[in-house]
Amino acid sequence: MSPYGLGGKWSATPLSFARDGWNASDVQRIKLCFHVPLLSLIYVGFFSVRKYWHVIGIGVQNNLTYRFNFLARTVFGFIPLTAILLLWRNIYEGKGDAASVATFTLAQMTSYYLLVTLVDALTAVNEDDWQIAADIKDGNISQFLLKPVDYLWFRFCLYLAGRGTYLTVAFIPLVLVTIYLRDYFVLPPDAATFGLFMMSVLMTAMLQFFISYTMAMLAFWVMEVSTFIFILYAFEYIASGHMFPLAILPQVVQDILFFTPFPYQLYLPVGIYLGKITGAALVNGLLAQAGWVVGAYLLARFAWFRGIKKYAAAGG
Amino acid sequence: MSREPKVENRETNAPASAPPSLDSRPSMLGRYAGIYAALWKNSVTRETMFKGNFLLWIVVELAWFALQLGFISVLYLHTQHIGSWTKWQVVLLVGVSHFIQQLFQAFFLINCANLSELVRTGKMDFLMMLPVNTRFVASLRQVDLGGFVNAGSALAVMIYAARELQLSPTLPMAVGFLALCFIGICIHYCLMFSLASVSFWTVKAQGIVHGYYNLFNIARMPDDAFPRGVFKTVFTFALPVLLVSNVPARLLTDRLTSSSCFLLVGMAIACAFFSEWVWRMSLKRYTSASS
């Protein structure tokens, strides 16, 4: 699926040039010649990365137009956050001092929701899925079939740009709220845990994007994808730990949930940060997350591949 | 497509009202009822065009409703009561809240959400030219029929919760409950319409619908869960969403104080005046787009 289709064609040729009777230095020299295509590949590769940097730049600029929208969204988002924190405080008060709900103390519970807000700001797909679906419906993807730009990575760059801009805008209110709730905010146990948390967040971002991309691919087959996206989002909302930590669910339900990609879309990084997922569970969790990332990527590629065959380039 | 209904309205209503002189028109109420009936007819036609989508949206709403109920049942695995509310009382509250929200959605939500689009594209011109109250058409142009189906599912949950609580509401209680729900819908409408009117200033106001969903989230929370403080004061006296479903739910569970009932009515009147004021201010700002 290389956008240039060069890789396979060029790398196969050198072997056929090695003839009998040529000495070693000749072969070396011939081989040297074939460094040129290799180098040019790297060169092209470098520029292709550079062009994706351009995409990120454009994405940031586009997103900056919506900075007030982002700010409003973040600030509005604190309303339900406050409500849920007050609700939990009320539940903990009824239990007396030093109470815990499924090993979560009040401070940990508060931190949980703050971290969910943070990870959500870092990784949630904003309007990317609607835009991709609209691109397919309006025939805008035709140009990507002709240009040497891979649509998936193009969209991924725009997604990264969107998240970056969103976080810049949301950063100040988030920090203010964290400072306000500092008595209830716990730090990670150690630096290594924080590193693993960041790694998991990165994979969460990729997983979120690939799943949304795959869902948007439905636009090749159906007129209106928003219903499907909303139904999946409802499942995600509860099963990824957005509403409450999954640890407060009955054990059987938790076990089943960890066979789905949902916990890896949010709960895993937050659980790692709070030290709720450690040891073998942590390693297995990260491996499973990586597995889901690869799986979602392949599914996204497959859906695109099948969709293109059906694509009718509406709108010319 | 959006222009068709308006044309049709005029045609269906004009023969009834136009031929006699202006003074002998049928009563104002009758005329508006006729117009509204025509708007309903258009909405039904529109919905039947996309049947599959209509059903899928009902599934979406059912999924989110189930999710709210799931959240409550998980919470009550770890506690016996939130404030003074027991599990089934909260289930009833979530049902009431969903009932009110869905009816609001059926009548008003699409129209409030579309307001910014009307302003942005300048289509507001057509609405203003119609010989009817502009706020009336702008607020009630489309009916979302799925909302009624979803309100039915909310009603089913409410009845189930009422049976669990062994409630047996009398007829006056049921009537009072429906009246309180009606007031609640009016509050939601007035608040959202005021918010949507902001689009006359900022043009792109899609964040508003998103913002208002956060307020729905609060409407389904038991009022006791919140300590006296800024949060409770704001959402009782400024944006009275905490009253909207808590008051009717308290009526059903026989725990309603007359003061909170009067407060709900008072806040509804205040919201109505406020939204009318904002609307009139906003209309003055309107400069047509396009052409």
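So you know, we letter chains A, B, ... as the sequences are listed, proteins then strands, and number each from 1.
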Asks: Measure from the side-chain N and O atoms of A/Lys95 to the backbone N and O of B/His78, and report whether any donor-acceptor pair falls under 3.5 Å.
Replies: yes

Asks: Does B/Trp57 form a ring-ring contact (aromatic ring centres under 6.0 Å, His included) with A/Phe230? I'd like the steps, not just the answer.
Replies: CA-CA 9 Å; B/Trp57 272 113; A/Phe230 272 122; 5.5 Å; yes

Asks: Got more than 12 heavy atoms from elsewhere within 6.0 Å of CZ, A/Phe185?
Replies: yes

Asks: What closest approach, in Å, do B/Ala225 and A/Leu87 show between heavy atoms, and which atom pair accounts for it?
Replies: CB-CD1, 3.4 Å

Asks: I'd like to know whether CZ of A/Arg306 has more than 12 heavy-atom contacts from other residues, nucleotides or ligands below 6.0 angstrom.
Replies: no

Asks: Go through the atoms of A/Tyr233 and report whether side chain, backbone, both or neither lie under 4.5 Å from a heavy atom of chain B.
Replies: both

Asks: Does a sphere of radius 6.0 Å around CZ in B/Phe148 hold more than 12 heavy atoms from other residues, nucleotides or ligands, not counting ones at 6.0 Å or beyond?
Replies: yes

Asks: Between B/Glu61, B/Met221, B/Gln80, who has the most heavy-atom pairs with chain A when the cutoff is under 4.5 Å?
Replies: B/Met221

Asks: With heavy-atom distances below 4.5 Å as the criterion, would you say the side chains of B/Leu75 and A/Trp88 are in contact?
Replies: yes

Asks: I'd like to know whether the aromatic ring centres of A/Phe235 and B/Trp64 sit less than 6.0 Å apart in this structure.
Replies: no

Asks: Please identify, among A/Ala83, A/Pro80, A/Ala102, the residue contributing the most non-hydrogen atom pairs under 4.5 Å to chain B.
Replies: A/Ala83

Asks: Less than 4.5 Å apart, any side-chain heavy atom of B/Leu56 and any of A/Ile231?
Replies: yes

Asks: Using non-hydrogen atoms and a 4.5 Å limit, figure out which bit of B/Leu67 sits close to chain A: side chain, backbone, both or neither.
Replies: both

Asks: Taking side chain as everything from C-beta outward and backbone as N, CA, C, O, which of these in B/Leu77 sits under 4.5 Å from a heavy atom of chain A? Side chain, backbone, both or neither.
Replies: side chain

Asks: Distance from A/Ile91 atom CD1 to B/His81 atom NE2, nearest 0.5 Å?
Replies: 10.5 Å

Asks: Would a 4.5 Å heavy-atom cut-off, applied to side chains only, mark B/Asn217 and A/Ile79 as touching?
Replies: no

Asks: Please classify the contact of B/Phe231 with chain A as side chain, backbone, both or neither, using a heavy-atom distance under 4.5 Å.
Replies: side chain

Asks: Counting heavy-atom pairs closer than 4.5 Å to chain A, which one of B/Val234, B/Ile218, B/Val74 comes out on top?
Replies: B/Val74

Asks: Do B/Val59 and A/Thr227 have side-chain heavy atoms sitting under 4.5 Å apart?
Replies: no

Asks: Less than 4.5 Å apart, side chain to side chain, heavy atoms only: is that true for B/Asn214 and A/Phe78?
Replies: no

Asks: Please lay out, stage by stage, how A/Tyr92 and B/Thr79 fare under the test side-chain contact (heavy atoms from CB on, under 4.5 Å).
Replies: CA-CA 9 Å; A/Tyr92 275 93; B/Thr79 185; over 6 Å; no

Asks: Can you say whether B/Leu215 sits under 4.5 Å from chain A via the side chain, the backbone, both, or neither, judging by heavy atoms?
Replies: side chain

Asks: Can you tell me how far apart NZ (B/Lys232) and CG (A/Leu86) are? Round to the nearest 0.5 Å.
Replies: 10.5 Å

